[in-house]
Every structure is written in C-alpha cells, then in structure tokens.
K.L.:
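Before I ask anything, here is the structure I am working with.
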Amino acid sequence: MKNIVVIGVGYVGLPMAACFADFGNLVTCVDINGPRIEGLKAGVMPIFEPGLEEITRRNAHAGRLRFTTSYPDALNDPAAPADMVFICVGTPSGVDGEADLRYVRAAAESIAEIADHPIIIINKSTVPVGTGDWVADIVRGKQPKPIPFAVVSNPEFLREGQAVTDFINPDRVVLGSLDASAAQQVAQLYLPLRAPIVVTDLRTAEMIKYASNAFLATKISFINEIANICEALGADVKEVAVGMGYDKRIGRAFLDAGLGYGGSCFPKDVKALAHMANVQGRHPQLLESVMQINSDQRKSIVRKVRALIGDAGKPQPLAGQTVGILGLAFKANTDDTRESQPVEIAQMLEADGALVKAYDPVAMESAGKVLKDVKMCEDAYETAAGCDALILATEWNEFKNLDFRRIKNSMNTPVMVDGRNMYDPEVMRRHGFVYRGVGRGYADA
Ligand code: UDX
C-alpha cells in the first residue's frame with residue numbers, strides 16, 4: 001500500500017486515481033480547479049466516463065480517495081507523507097503543434113517547493129521526449145534545500161469512454177527512469193494488473209507513447225485513404241478492413257473509415273511528434289501525410305452534402321438548406337468535443353450557409369460553447385425534422401436502430417450521409433434514403 005498524490009483530476013488523472021485507490025492505496029487528488037474539487041468531494045463527476053462514478057464514490061467513501069486544492073496537505077500529510085506523485089495535467093498543443101508544458105512546469109515547481117521528504121515524481125501526462133530530464137532540472141532548481149527525488153515516465157494508454165476498463169486491463173505498462181529503484185517502486189503499484197511491464201529509460205518511454213499514438217492515427221488515416229480509393233474503384237472499405245484484419249500483423253482494430261480521428265490526444269500528439277522531428281531537422285513526411293488525410297476526411301463529408309443538396313452556383317452553396325448532425329462528441333461514450341470532427345463539420349456547413357441542427361446524448365453542453373448558432377435538439381427525431389440532409393457523425397448506440405421511416409417522412413429531402421458507416425446502405429436505400437457512406441463503393445464517390 002502506497003501514499004499516492006495525483007495532480008490533475010481530468011480524463012487521465014481521475015480514472016487512474018480511483019483505480020489505484022481501488023487497489024488499496026491511499027490516493028490524494030490535487031487540482032487548482034476549486035469547483036471541480038468541491039464537486040468531487042460531493043460525489044459529482046467532472047467528466048463523463050462509464051464506471052467512473054461508482055469506483056470514485058466507493059473509494060472516497062472508504063477513505064482511500066481524497067480531494068484537495070492544497071499541495072502541502074496532499075504531499076506532506078504527517079499521517080501519510082506521499083511516496084510518489086503523478087503529474088496528470090494537460091499538455092495542449094501550443095505554437096506549431098509543440099506541446100504546451102506550462103501546467104507540467106507549474107506542477108513540478110510546486111512539488112519542488114513543497115515536498116519536505118524524498119519522493120518519486122511520475123510523468124503521466126503525454127510529454128515531449130526529454131521532458132523527464134527537464135522536470136528533474138526544474139525540481140533541482142526550485143527545491144529550497146536538496147531533497148532526494150527521482151523522475152519516472154509512465155505514459156498512459158487510456159481511451160476516453162473506456163478509461164476505467166483500459167486502466168484495469170492494460171496491454172502493457174511502460175516505465176522509464178534513470179533510477180532503476182524508483183522504476184521498480186512504481187512497477188509495484190501495477191502488479192495487481194498482471195500486465196507486461198516494460199522498464200526502459202526516460203526518453204524511450206516518452207517516445208513509446210508518441211510512437212504508439214502516431215501509429216494508431218496512421219492506421220486511421222491509412223484506412224480513410226483506402227476508403228477514398230474504394231469509392232473510385234467500387235470496393236467496400238468495411239469488407240476490406242475485415243479481410244485485412246485477419247492478418248495478425250495488421251489486426252482489425254483502428255481500421256474503421258469515417259470522419260478521421262479527433263479528440264484531445266491523436267491530433268495533438270501527432271502534431272507534437274512532427275514538431276519534435278522538424279526541430280531536429282528530420283522531415284516527418286509520413287506524419288504530415290497522416291495529418292493532411294485526417295483534415296481532408298472531415299472536408300469530404302461536407303463535399304458530399306454539397307454534392308447532394310447544394311447549389312454550386314451560389315457563393316454559399318448550402319444557403320437555404322437545413323442539415324442535421326447526429327452526434328457532436330469526437331467518438332461515442334464521451335462528452336469530449338476537443339478537436340471534434342462533428343463540431344468542425346458543423347462549422348464548415350454553417351460557412352456554406354446551411355442552418356445546422358444537432359443532437360448528442362452527452363456532448364451538447366461542451367459543443368454548444370463553440371456552436372453558438374447550431375440548434376441543439378432533444379433527440380435524433382427532432383434533429384431530422386425538416387432537414388434537407390442528415391449526417392451520422394458519432395457512433396452512439398442510440399443511433400443504431402432509429403425509426404427510419406419516421407426519420408425519412410419528417411425530412412424535407414431524405415438524404416443521409418453516414419460518416420461512420422453505421423448503417424447498411426441497402427437497408428437505408430430501401431427506406432427511401434439517398435444514402436452516402438464512406439468508402440462503401442461507387443455510390444459514395
Ligand atoms: C487515444 C488512444 O487510443 C489511447 O491509447 C491514448 O491513451 C489516448 O488517445 P482516444 O483519443 O480516447 O484514445 O480515442 P480512440 O478510441 O483512440 O479514438 C481516437 C479517434 O479516432 C476518435 O475520433 C475515433 O472516432 C477515431 N477512430 C478510432 C477512427 O476514426 N477509426 C478507428 O478505427 C478508430
């Protein structure tokens with residue numbers, strides 16, 4: 001049992017803190033966001049994550065999970081001085097895609113100034129290669145007096161919407177440090193998971209994270225490029241993915257063509273890795289293509305809508321048209337709309353003059369902060385009513401078995417653009433829709 005401090009209770013920090021508490025550790029979460037901490041003390045979750053509320057409430061009730069805004073109370077509790085502190089703060093994209101490390105710096109400085117005993121500092125946030133050394137320099141420079149510490153890189157591989165299950169069932173745990181003993185102490189935390197533990201140096205651990213996310217993003221851009229070629233050649237990309245996926249060297253996962261990748265990770269991590277390469281004079285030509293394909297994929301959806309209901313002769317080809325969007329989150333089972341493809345598509349439709357309606361089971365509040373003129377609806381049916389085209393943009397389960405007769409009859413023109421290939425083209429055409437998917441053959445061109 002260890003005394004653990006987690007700095008930053010967001011999409012990574014909170015699920016990790018709750019799971020470590022569930023293993024029997026004493027975990028104290030620190031965040032500068034007072035309302036978020038007060039909410040957690042009252043059992044209110046700051047993020048939508050399946051399973052998180054139960055595990056958080058149960059462990060908080062058991063006294064294993066605590067929340068505070070005070071670094072001293074968290075790090076130097078006389079009854080439970082912290083053995084290790086995880087930095088789980090955001091590392092958003094900065095200028096030219098470089099990761100903005102201001103929050104990591106602030107956390108490192110606070111730890112240095114406040115921790116009054118030896119401690120292990122663990123970078124959980126996705127940070128550029130070399131950040132571990134940078135954190136160590138910051139701590140050494142800020143400590144009022146030299147106190148032993150070690151820095152460990154422990155990148156996370158959690159998918160939003162599956163963070164709790166991904167934490168409990170990792171394919172691997174990655175640890176990097178120049179201090180073998182510190183790495184081993186952190187490895188002990190993960191023993192209950194019985195997962196492979198890769199122990200390496202700081203920079204290699206940091207690169208494993210970037211290379212993993214960049215590869216997954218590459219897989220997605222690859223299948224989207226294949227989808228675009230399938231439309232020209234009359235092949236069905238969904239079947240192509242099935243046929244490819246049986247090859248163990250390829251694997252079926254992350255071969256779903258659609259709107260391209262969004263979210264707070266792939267876009268920023270691919271940009272950050274490309275930036276690191278460019279700074280070193282190594283041209284990241286593959287990563288630049290991955291980003292370009294991804295950007296084009298969102299535009300291709302708007303192009304399909306324009307082709308189906310637009311007027312190329314108008315300065316705004318969709319002026320006077322109403323388009324409905326089903327789903328605003330960057331993927332199902334999350335309320336996160338950061339770098340969300342549906343949000344960007346809504347903005348492009350509005351720029352083309354369309355009136356946009358939208359519905360998402362949980363992400364309308366966050367999307368609404370950006371989409372001021374979009375009419376937010378109560379459900380899919382209200383969204384579809386009166387539309388000239390409907391876009392399936394997020395693969396929420398509740399969109400899988402809609403009453404399509406009711407949807408079609410409520411629309412001005414029964415045009416369905418299925419951005420996630422959720423529906424069977426034949427079924428939709430039998431319902432009377434003019435249907436377009438992504439890479440499902442000639443008809444989708
Ligand atoms: C990702 C990584 O999967 C995770 O390991 C890392 O720790 C954080 O970044 P996340 O961004 O939460 O997780 O979502 P993920 O499920 O990976 O999907 C990312 C984006 O790719 C979503 O927009 C999703 O819709 C899209 N996607 C995913 C596809 O378009 N096709 C696919 O086949 C898979």
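Counting convention: from 1, in listed order, for ligands and their atoms alike. Since we're looking at a predicted model, the values are computed, not measured.
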K.L.:
Would Gly260 count as a contact residue for ligand 1, given that I'm defining contact as a non-hydrogen atom of the residue lying under 4.0 Å from a ligand atom?
P.N.:
yes

K.L.:
Among protein heavy atoms, which lies nearest atom 28 (C) of ligand 1, and at what distance?
P.N.:
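Answer for atom 28 (C) of ligand 1: Ile220 CD1, 3.6 Å.
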
K.L.:
In ligand 1, which numbered atoms sit nearer than 4.0 Å to a non-hydrogen atom of Lys209?
P.N.:
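So the atoms of ligand 1 that pass are 6 (C), 7 (O).
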
K.L.:
Of all the non-hydrogen atoms in the protein, which one sits nearest to atom 4 (C) of ligand 1, and at what distance?
P.N.:
Leu158 O, 3.4 Å

K.L.:
Tell me, which protein residue and heavy-atom name are nearest atom 11 (O) of ligand 1, and how many Å apart are they?
P.N.:
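Protein heavy atom with the smallest distance to atom 11 (O) of ligand 1: Phe330 CE1, 3.7 Å.
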
K.L.:
Within the 4.0 Å heavy-atom shell around Tyr261, which atoms of ligand 1 are there?
P.N.:
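Listed by number with element, the hits are 20 (C), 21 (O), 23 (O), 26 (C).
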
K.L.:
Can you tell me which residue and heavy atom of the protein come closest to atom 9 (O) of ligand 1, and the distance to 0.1 Å?
P.N.:
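Here the closest protein heavy atom is Cys265 CB, 3.1 Å.
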
K.L.:
Could you tell me whether the side chain of Ser221 and the main chain of Thr218 form a donor-acceptor pair under 3.5 Å?
P.N.:
no

K.L.:
Scan side-chain atoms only and decide if Ser264 and Glu160 contain a donor-acceptor pair under the 3.5 Å cut-off.
P.N.:
yes

K.L.:
Is Asn213 touching ligand 1 with its side chain, its backbone, both, or neither, if touching means heavy atoms under 4.0 Å apart?
P.N.:
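Just the side chain.
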
K.L.:
Which option, Phe157, Phe266, Phe254, owns the non-hydrogen atom nearest atom 5 (O) of ligand 1?
P.N.:
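Looking at heavy atoms only, Phe157 sits closest to atom 5 (O) of ligand 1.
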
K.L.:
What protein heavy atom sits nearest atom 16 (O) of ligand 1, and how far off is it?
P.N.:
Lys331 NZ, 2.9 Å

K.L.:
Is a side-chain donor or acceptor of Thr69 paired with a backbone partner of Ile32 at a separation under 3.5 angstrom?
P.N.:
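Pair absent, no side-chain N/O of Thr69 close to backbone of Ile32.
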
K.L.:
Specify the protein heavy atom at minimum distance from atom 31 (N) of ligand 1: its residue, its atom name, and the distance to 0.1 Å.
P.N.:
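Ranked first by proximity to atom 31 (N) of ligand 1 is Asp256 O, 3.0 Å.
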
K.L.:
Tell me whether Thr28 contacts the main-chain N or O of Thr68 through its side chain, where contact means a donor paired with an acceptor under 3.5 Å.
P.N.:
no

K.L.:
Between Tyr261 (side chain) and Leu216 (backbone), is there a donor-acceptor pair under 3.5 Å?
P.N.:
no

K.L.:
Tell me the protein heavy atom at minimum distance from atom 3 (O) of ligand 1, and give that distance in Å.
P.N.:
Arg159 CG, 3.2 Å

K.L.:
How far does CZ of Phe86 sit from CD of Glu156, to the nearest 0.5 angstrom?
P.N.:
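With rounding to 0.5 Å, CZ (Phe86) is 12.0 Å from CD (Glu156).
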
K.L.:
Checking side chain to side chain contact (heavy atoms under 4.5 Å, CB included) between Phe433 and each of Leu390, Val415, Ile407, which is the one that passes?
P.N.:
Ile407

K.L.:
If you measure every N/O of Gly263 against every N/O of ligand 1, is any gap under 3.5 Å?
P.N.:
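Among all N and O atoms of Gly263, none is under 3.5 Å from an N or O of ligand 1.
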
K.L.:
Out of Gln341, Glu395, Arg420, indicate the one that has the non-hydrogen atom closest to atom 25 (O) of ligand 1.
P.N.:
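Result: the heavy atom closest to atom 25 (O) of ligand 1 is in Arg420.
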
K.L.:
Return the closest protein heavy atom for atom 12 (O) of ligand 1 as residue, atom name and distance.
P.N.:
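It is Glu160 N, 2.6 Å.
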
K.L.:
Taking Asn25 for its side chain and Arg64 for its backbone only, find out whether a donor-acceptor pair lies under 3.5 Å.
P.N.:
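No.
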
K.L.:
What do you reckon, does Gly258 put a non-hydrogen atom under 4.0 Å from ligand 1?
P.N.:
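Judged by the 4.0 Å heavy-atom criterion, Gly258 does not count as contacting ligand 1.
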
K.L.:
Using salt bridge (Lys or Arg N to Asp or Glu O under 4.0 Å), reason through Arg102 and Asp100 one step at a time and then give a plain yes or no.
P.N.:
CA-CA 6 Å; Arg102 76 180 74 169; Asp100 179 344; 2.7 Å; yes

K.L.:
Please determine which of Arg440, Lys304, Arg436 meets the salt bridge (charged side-chain N to carboxylate O under 4.0 Å, His left out) test together with Glu231.
P.N.:
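Of the listed options, the one satisfying the test is Lys304.
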
